[in-house]
Amino acid sequence: MFALLRRPSNHFHVLPLLRSRLLSSLTVTTTPSPPPPADPATLTSLILTSTDPRTLTQTLHCPTLHWTPQLVDQILKRLWNHAFKALHFFNILSHHPTYTHSLSSFDHAVDLAARLRDYKTVWTLVYRMKSLRLGPSPKTFAIIAERYVSAGKADRAVKIFLSMHEHGCRQTLNSFNTILDVLCKEKKVEKAYNLFKALGGKFKADVVSYNVIANGWCLMKRTNKALEVLKEMVDRGLDPNLTTYNLILKGYFRAGQTEEAWRFFLEMKKRKCEIDVVTYTTVVHGFGVVGEIKRARNVFDGMVKDGVLPSVATYNALIQVLCKKDCVENAILVFEEMLRKGYVPNSTTYNVVIRGLCHAGEMERAMEFMRRMKDDECEPNVQTYNILIRYFCDAGEIEKGLDLFEKMGSGDCLPNLDTYNVLISAMFVRKKSDDLFVAGKLLIEMVDRGFMPRKLTFNRVLDGLLLTGNQGLAKEILRLQSRCGRLPRQFKL
DNA sequence: CTAGGGTTAG
């Protein structure tokens, strides 16, 4: 906590000890000594703590360091929440004397730049892929389209899809379905449906196209619209499949039409359309969220008799709804039951249990489960940290929240946008000058890492700093705000 | 990354 207050610059977050250790390993590389190890964790720390680009380049270009696309991708993944550093790393390797980036690393870089809304860099990367004859691939376009749509530029995304072939990437039914899906997932169903009507004939729309659109309506809780679309499909001579039925089932639950969902489920069973684990998981979850725990359990118990084994996701659904609508103790009983049956819980399982415990005020047991995760080769992820940080702060144990935050910075799980938002809000509860100072530093750090705070966050922090006499930091943040305003920071390639 | 099931808060 106090280390946090004292750290002068953007990297105040990294624990001092770790920092000096890594810096010394950096200087070592300029003299003929052992080569830097090639494991992703060490390399990621090295990139995060380096302060001098030239030394870092030297280190990463070291001939004994054997780069592979897998290694590069692993590092990019680890640096996902530190977008500028990630792109910087990508760029250094772009100039490596012998190594050449793979298509998937390019896609990572495109995704990062697009998330920063730095479209100039996005297109530079696309042209570079093209000149290296690596791509762009349909996946590259899916990434770009998704980012444009989520930045509120749906029309732009459609245009880019329509111009894919100009970049040497053929338009297929698959890519058509992808753009429809991207639009639907961002709740632009009308737009998707218009595109579907205009070009569905040309691309020979199939059951996937119809399912995507129907699911889009379901996401808007417009089950009837979804059913209309499917009627149209049947009229065109295309048969619904299990995915179709499952998405309608989910749609009924989502729209609060629980009894319709149940009748639909019974109909599916009666018609012998070979319902699967997804069907059952949907029903267990659907009943659970409306508090129908008995029915959820009945369905869960019944699936085995029907010859369908639950999956980890099914257990996760049951455990979650028990936490929410029943009690954590019963949820943990199910958790233990799944272990006894030989299932391997994943990070979602743990996160669900941890949230349940936090919600019940059992913070210590929640922490215990986080430690247990590691024994199950299931490292805590950013969601795990966010849950614990949030509940610690809500309970007024802000120091403990900050402790966890610092552990993230030094470990292999970097904080994301949610982490910063949660923590910054928490800095207002005690109305202490020191806390506001931390909030200011966090704000600066998040911008440094490619996350854009909302205007409201800026104003809250500024007000707080001025009220508590932190004029200096307030000034710095004002400059920051005007510098990043609405324009994205551009990355120098 | 051609579609359906588990994580997140008011």
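So that the names make sense, note that chain A is the first sequence line, chain B the second, and so on, each numbered from 1.
Within the structure, a side-chain polar atom (N or O) of A/R355 is placed less than 4.0 Å from OP1 or OP2 of B/dT8. Checking the phosphate oxygens (OP1, OP2) of B/dT8, a side-chain nitrogen or oxygen of A/K324 falls inside 4.0 Å. OP1 or OP2 of B/dG6 lies within a sub-4.0 Å distance of a side-chain N or O belonging to A/H285. Using a 4.0 Å cut-off, some side-chain N or O of A/Q320 falls inside it from OP1 or OP2 of B/dT7.
Remark on DNA chain B: of its neighbouring residues A/H359 and A/N381, the 5'-side contact belongs to A/N381, judged by nearest-heavy-atom nucleotide.
The side chain of A/N211 sits closest to B/dA3 out of B/dA3, B/dG5, B/dT7. The A/I143 side chain lies nearest to B/dC1 when the options are B/dT7, B/dA3, B/dC1. Residue A/V277 places its side chain closer to B/dG5 than to any other of B/dT2, B/dG5, B/dC1. Checking B/dT2, B/dC1, B/dG6 against every side-chain atom of A/T178, the shortest atom distance belongs to B/dT2. In this structure, of B/dT2, B/dT8, B/dG6, it is B/dG6 that holds the atom nearest to the side chain of A/A313. Closest to the side chain of A/T282, out of B/dG5, B/dA3, B/dC1, is B/dG5.
Remark: P of B/dG5 and CG of A/L247 are 8 Å apart, rounded to the nearest angstrom. Regarding A/Y385, its OH atom lies at a distance of 17 Å from the C1' atom of B/dT7, rounded to whole Å. Rounding to whole angstrom units, CZ of residue A/F300 and C1' of B/dG5 are separated by 13 Å. Regarding A/F335, its CZ atom lies at a distance of 14 Å from the C1' atom of B/dG6, rounded to whole Å. One atom, CZ of A/R170, and another, P of B/dT2, lie 14 Å apart when rounded to the nearest Å. Computed from coordinates, the A/I213 CD1 to B/dA3 C1' distance equals 11 Å when rounded to whole Å. Counting to the nearest Å, the C1' atom of B/dT7 and the CE atom of A/M370 are 16 Å from each other. Taking atom CG of residue A/N351 and atom C1' of nucleotide B/dG6, one finds them 11 Å apart after rounding to whole Å.
Across all strands shown, A/D276 has heavy atoms under 4.0 Å from base atoms, whether or not it also approaches the sugar-phosphate. Using a 4.0 Å heavy-atom cutoff across all strands shown, A/K250 reaches sugar-phosphate atoms only and no base atom. When heavy atoms are screened at a 4.0 angstrom cut-off, A/T348 is found touching base atoms of the nucleic acid. Across all strands shown, A/L318 has no heavy atoms under 4.0 Å from either base or sugar-phosphate atoms. Residue-level contact check: A/T244 touches neither bases nor backbone, having no heavy atom under 4.0 Å from any strand.
Within the 6.0 Å centre-distance limit, the rings of A/H167 and A/W123 are counted as a close aromatic pair. Here the two rings, on A/Y245 and A/F265, have centers that are 6.0 Å apart or farther. Annotation: A/H285 is not in aromatic contact with A/F253 [ring centroid separation under 6.0 Å not met]. Ring-centre distance between A/Y343 and A/F335: not below the 6.0 Å cut-off.
If you check distances only, the side chain of A/T314 never reaches the base of B/dG6 with a donor-acceptor pair under 3.5 Å. Within 3.5 Å, a donor on the side chain of A/T281 pairs with an acceptor on the base of B/dG5, or the reverse. For B/dA3, the base has a donor-acceptor partner in the side chain of A/N241 [N/O atoms by modelled type, under 3.5 angstrom].
B/dG5 and B/dA9: their C1' atoms are spaced 22 Å apart (whole Å). Here, B/dG6 and B/dT2 have their C1' atoms 23 Å apart, quoted to the whole Å.
Closest heavy-atom contact between A/C378 and A/Y350: SG-CD1, 4.0 Å. The shortest non-hydrogen separation linking A/F90 to A/L125 is CE2-CD2, 3.6 Å.
Glycosidic conformation of B/dG6 is syn; the angle stays within 90° of 0.
The number of heavy atoms from other shown groups lying within 6.0 Å of CD (A/E259) is above 12.
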